Amino acid sequence: RLPAPSSVQLTVRFELANKVCQGSTTVDTAPGTDLAAAISVVCIEVPVPTIVRPAGFTLTNATSPMSLLVEVNGRVPDKVELLVDGVSVAETGAQFFYRFAWDNRTATEGLHNLTARATLGSNSRTSAPLQVRIDRTPPQVTRAEPASTVEVSRATVFTIDFDDQVSPLPFALPDAV
């Protein structure tokens, strides 16, 4: 119950996965009456971005820019941004596809969260974060077999373990010579 005559503005806004809905109404009330109102809402579809490449946690030594591909579902956005730790580092307007190059060579070592944000009008959606670890410390060999004093042949199997992840590139004996 409202104690005195008044005019009350009622506003509602809610967000769904790919929609933003809002509406408002003004209600004039008399003293001592109950307030009841119906609000009509209008919903608009908003673009929803997803970082699709790289597809998951990424480790880099940050010697060259990292390429990212973003897909946007829903309506065509006015702009799409790449954010690193919540700060916009690149932006592009409406396009068929969204490709970014993050120059991570000056980024600090450690874990960073990359997200894409798509904006249409005053509404925006942010993708799930992609975690990227920057580690410029070269890996160290922790085990090498056979020992350097052992005579080897083409049939010798070599085992080399490192203290950090390394790229699983194909490696053959001619590559070592």
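Please read all numbers here as calculations on a predicted model, not as lab measurements.
Put simply, the side chain of Gln140 gets close to the backbone of Pro138: a donor and an acceptor are under 3.5 Å apart. Checked by atom type and distance alone, the side chain of Asp85 pairs as donor or acceptor with a backbone atom of Asn113 at under 3.5 Å. The backbone N or O of Asp78 lies less than 3.5 Å from no partner atom in the side chain of Thr119, so there is not a single donor-acceptor pair. Thr58 places a side-chain N or O within 3.5 Å of a backbone atom of Gly56 that can act as its donor or acceptor partner. Between the side chain of Ser124 and the main chain of Arg117, no donor-acceptor pair closer than 3.5 Å is present. Side-chain atoms of Arg136 come within 3.5 Å of backbone atoms of Arg105 as a donor-acceptor pair (strictly under, hydrogens ignored). Looking at Ser153, its side chain does come within 3.5 Å of a backbone N or O of Ala155 through a donor-acceptor pair. A donor-acceptor pair under 3.5 Å is formed between the side chain of Arg125 and the backbone N or O of Lys19.
Between atom CG of residue Leu130 and atom OG1 of residue Thr50 there is a gap of 11.5 Å, rounded to the nearest 0.5 Å. In this structure, CG on Leu120 lies 11.5 Å from NZ on Lys79, to the nearest 0.5 angstrom. Rounding to the nearest 0.5 Å places OG1 of Thr159 at 5.5 Å from CD of Glu145. Atom CZ of Arg133 and atom OG1 of Thr60 lie 12.5 Å apart (nearest 0.5 Å). Within the model, atoms CG of Asn123 and CD of Glu15 stand 7.0 Å from one another, a figure rounded to the nearest 0.5 Å. Distance check, rounded to the nearest 0.5 Å: CD of Glu81 to OG1 of Thr92 gives 10.5 Å.
Criterion: ILVMFWY side-chain heavy atoms under 4.5 Å apart, direct or through other members. Under it, Leu83 and Ile51 are not part of a common hydrophobic cluster. Clustering ILVMFWY residues whenever any of their side-chain heavy atoms sit less than 4.5 angstrom apart, transitively, puts Leu16 in the very cluster that holds Val41. Residues Val72 and Trp102 are members of one and the same hydrophobic cluster, defined by side-chain heavy-atom contacts under 4.5 angstrom among Ile, Leu, Val, Met, Phe, Trp and Tyr. Hydrophobic clustering (ILVMFWY, side-chain heavy atoms < 4.5 Å, transitive): Val12 and Val8 are in one cluster.
At least one side-chain heavy atom of Phe100 sits less than 4.5 Å from a side-chain heavy atom of Val80. The shortest distance between side-chain heavy atoms of Val70 and Leu82 does not fall below 4.5 Å. The shortest side-chain heavy-atom distance between Leu111 and Phe57 falls under the 4.5 Å cut-off. Side-chain contact between Tyr98 and Leu69: absent, with no pair of heavy atoms (C-beta onward) separated by less than 4.5 Å. At a threshold of 4.5 Å between non-hydrogen side-chain atoms, the residues Thr11 and Gln22 do not count as touching. In this structure the side chain of Asn104 never reaches within 4.5 angstrom of the side chain of Pro65, judged on heavy atoms. With contacts defined as side-chain heavy-atom distances shorter than 4.5 Å, the pair Glu109/Thr137 qualifies.
When all heavy atoms of Leu10 and Ala37 are compared, the closest pair comes out as CD1-CB, 3.7 Å. Closest approach of Ala107 and Ile134 over heavy atoms only: CB-CD1, 3.5 Å. Counting all heavy atoms, side chain and backbone alike, Pro77 lies closest to Ala94 at O-CB, 3.4 Å.
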Dump the intermediate steps for side-chain contact (heavy atoms from CB on, under 4.5 Å) on Asn73 and Asn18, then the final yes or no. CA-CA 9 Å; Asn73 294 317; Asn18 66 339; over 6 Å; no

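Open room surrounds CZ on Phe97; 12 or fewer heavy atoms of other groups in view lie less than 6.0 Å from it.
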